[in-house]
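Below is one structure, written out as structure tokens, with a few remarks after it.
All chains are named by letter (A, B, ...) in the order of the sequence lines, taking the proteins before the strands, and each is independently numbered beginning at 1. These numbers come from the heavy atoms of this one structure, side chains and all, not from hydrogens, waters or symmetry mates. All values reported here derive from a predicted model rather than from experimental measurement.
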There are 2 protein chains.
Amino acid sequence: MATMRDVARRAGVSSKTVSNVLNGYPYIKESTRARVLAAIDELGYQMNISARNLRSGRTGIIALAVPELTLPYFAQLCDAVIEAAGAKGWTVIVEPTGGVRERELDVLSGVRRHLVDGVIFSPLALGPDEAQYLQVDFPLVMLGERILHGPTDHVAISNAEAARTATQHLLDLGRRRIAVIGANPGEVAGAATVRLDGYLAALEAAGIKRDDDLILAPGLWWHRTAGAGAMQRLLDAGTQFDAVFGFNDTLALGALHVLLRSGRRIPEDVAVIGFDDIEETRFSMPPLTSIEPGREQIARTAVDLLAERIAGKGPTEHREIYADFTLQVRESTAGLPSATRSAKTT
Amino acid sequence: MATMRDVARRAGVSSKTVSNVLNGYPYIKESTRARVLAAIDELGYQMNISARNLRSGRTGIIALAVPELTLPYFAQLCDAVIEAAGAKGWTVIVEPTGGVRERELDVLSGVRRHLVDGVIFSPLALGPDEAQYLQVDFPLVMLGERILHGPTDHVAISNAEAARTATQHLLDLGRRRIAVIGANPGEVAGAATVRLDGYLAALEAAGIKRDDDLILAPGLWWHRTAGAGAMQRLLDAGTQFDAVFGFNDTLALGALHVLLRSGRRIPEDVAVIGFDDIEETRFSMPPLTSIEPGREQIARTAVDLLAERIAGKGPTEHREIYADFTLQVRESTAGLPSATRSAKTT
DNA sequence: CTGAAAGCGCTTACAG
DNA sequence: CTGAAAGCGCTTACAG
């Protein structure tokens, strides 16, 4: 494989000049640049990123660590981050941790520190007691709710407010027995806790008493199957309810499935709302009302903050940005008289 | 940040000895090893992977390049490859290409050649005329149908046979007007072409003439919305049909949505079948019959083949492995009298 | 079982 | 506008 030195020799210059050409250094005679580029082309030269990295510390690569790609929220988040980073000329490597503690610590331990310029990290296993691990010597931007107010920049969903809005939407429709799927007993911090707070706040403001029978814990992984299981337990218990709030869309879609199986009419008997606004919400029957959490904004902001830190800019203190959410009303709560339903996709 | 030399100094040895300890070299006095490990611990030393890489060429990292994570098939494939690679002690970096030609060429050009020990690559933009680009000087395993019989190891779905099985399943149910969504006119090779071949073969065997009105092209990206659009066009055209075969599950689910909107009963009026067996198939109403393409096997085989190539083993000639598929019959084709429908999730 | 020397392929800092 | 020297932090090849 050709090295920079080979290119230099062929072009009749020093390797410094080749390096200058490749790095866009402006003060190069046009004829020199042309000769260098020709030599690069002829030799099929590709720079060795490890070597450049070893010397300069830069790689042009950032890492995005998330729990699991099978959860649509994270898959869509990845695509959005890749998009935002690409606009800045960066490559993203995605590092799924499986929500495994050890692999999440790896992200922070710096094992791959030298491969990337910075890291965007959405933890699942690590919690609020472990903020000390975030004290790292590389640019790091945190996502999610597991560790708030840590020592780094942080981009988060306005979870409590969004959950309150979702609950209020159901209350506005006249629902009073609203089940939630997503509680995580024992969790001190995390999306589950914060969203539950928002739910409870809305109930309290409406003068409705908390009923623990309506608060369901589907487990750590918010897949469809967990939502289906939780809903089945609620039905089996015979608890009365007229609405369901899934703390993410896959939980809500799993619950919706079980409700339809049981013969409930949606939303007449039970209104259903989710959270994340994944693509699939538009295609369930009926389409699922959801909270759009500001995914694009989260991705863009995380990349922007990281870019500043990598450039050594930004304020000394860490920043906490909360993205803007939107309630997306669809038929799973709003309903439509079936006569006016269109065959067109909403 | 501490270097190997710092560790060596602290332990009173040479950096070679530190290197030996870290790389599991067996012939080290136990007391020496203990001193080195203690020094590593005290200094919080982390090896610089770029430096090791520059010298040795090994990184312990493999790249997986796929079009887009928002497509559930690829998200689930990623998780499966990460799992299979992790069992071998490898880290995976995921490189979404967006199906953009230039970024797919980047994967092969070696820009990041020095960051990874090998690459697993599922192209979308690159096609059969471009097999020459696969002639690279690093271990590469190809996935998908875009470039068959290239110069590298290849793992593929038994697409034609699987599509034939899916079509035969519909024929066995007595369906005769089977629409397909997923054709890609102008494509010379790819999943669309091969699956269409399988469909046509099944029809021919059953003595049914091809009807181009039933062959729908949803575009390059097989998202739900593309499936919905294609189905809407079919309905608008007034073409009669009694079954739909979506070339992937998201196309089928988009079509299913439009069919339900239009008031069709599934499967009584129209039977629907997909391809990929994504998690969501179990939660649509009705649940979607699909082809499980052997995802786990594909992931495991791709990693195994790559491991052999990285180790410099394996036969000189390239290998082509076809994964085993399974037809997963669910209610979108089989139906169930509603009386016997259980509230349980299948 | 361990060490001293050389070098992987770049970029930095300094000249000119 | 361009070059010669040094060095980033490891591992290889060779001694002992």
List the atom pairs, with distances to 0.1 Å, where a side-chain N or O of residues 116-123 of chain B and a protein N or O form a donor-acceptor pair under 3.5 Å, not counting sequence neighbours.
| from | atom 1 | to | atom 2 | distance (Å) |
| --- | --- | --- | --- | --- |
| B:Asp117 | OD1 | B:Thr59 | N | 2.8 |
| B:Asp117 | OD1 | B:Thr59 | OG1 | 3.2 |
| B:Asp117 | OD2 | B:Thr59 | N | 3.4 |
| B:Asp117 | OD2 | B:Gly60 | N | 2.8 |

Next on the checklist: Suppose the criterion is salt bridge (Lys or Arg N to Asp or Glu O under 4.0 Å): which pairs have a residue in residues 7-23 of chain B, not counting sequence neighbours?
Outcome noted: B:Asp6-B:Arg9, B:Arg10-B:Glu42

Item to check | Any pair counted as ring pair (Phe, Tyr, Trp, His ring centres under 6.0 Å), so long as it reaches residues 25-47 of chain A, sequence neighbours left out | outcome: A:Tyr25-A:Tyr27

Item to check | Partner residues of B:Glu187 under the salt bridge (charged side-chain N to carboxylate O under 4.0 Å, His left out) criterion, sequence neighbours left out | outcome: B:Arg146

Item to check | Pairing residues for A:Asp137 by the side-chain contact (heavy atoms from CB on, under 4.5 Å) criterion, not counting sequence neighbours | outcome: A:Arg113, B:Met1

Return the polar atom pairs (N/O with N/O) between nucleotides 6-8 of chain C and the protein under 3.5 Å, or none.
| from | atom 1 | to | atom 2 | distance (Å) |
| --- | --- | --- | --- | --- |
| C:dG7 | N2 | B:Arg55 | NH1 | 3.3 |
| C:dG7 | N3 | B:Arg55 | NH1 | 3.0 |

Item to check | Interface with DNA chain D, restricted to residues 8-17 of chain B and to heavy atoms under 4.0 Å | outcome: B:Lys16

Checklist entry - When Watson-Crick pairs (N1 to N3 and N6-O4 or O6-N4) and G-U wobble pairs (N1-O2 and O6-N3) count only below 3.5 Å on both distances, what is the dot-bracket string of DNA chain D, with | for other-strand pairs? => result |||.||||||||.|||

Item to check | Within residues 22-29 of chain B, residues whose heavy atoms come under 4.0 Å of DNA chain C | outcome: B:Tyr25, B:Tyr27, B:Ile28, B:Lys29

Indicate every side-chain donor-acceptor pair of residues 62-75 of chain A with a distance under 3.5 Å to a residue at least two apart or in another chain.
| from | atom 1 | to | atom 2 | distance (Å) |
| --- | --- | --- | --- | --- |
| A:Glu68 | OE1 | A:His223 | NE2 | 2.9 |
| A:Thr70 | OG1 | B:Asp79 | OD2 | 2.4 |

Checklist entry - So which pairs with a foot in residues 118-136 of chain B pass salt bridge (Lys or Arg N to Asp or Glu O under 4.0 Å), sequence neighbours left out? => result B:Arg101-B:Glu130

Checklist outcome for this item: In short, side-chain hydrogen bond (donor to acceptor under 3.5 Å, both in side chains) pairs touching residues 300-309 of chain A with sequence neighbours left out are A:Lys88-A:Asp304, A:Asp153-A:Arg309, A:Glu308-A:Arg319

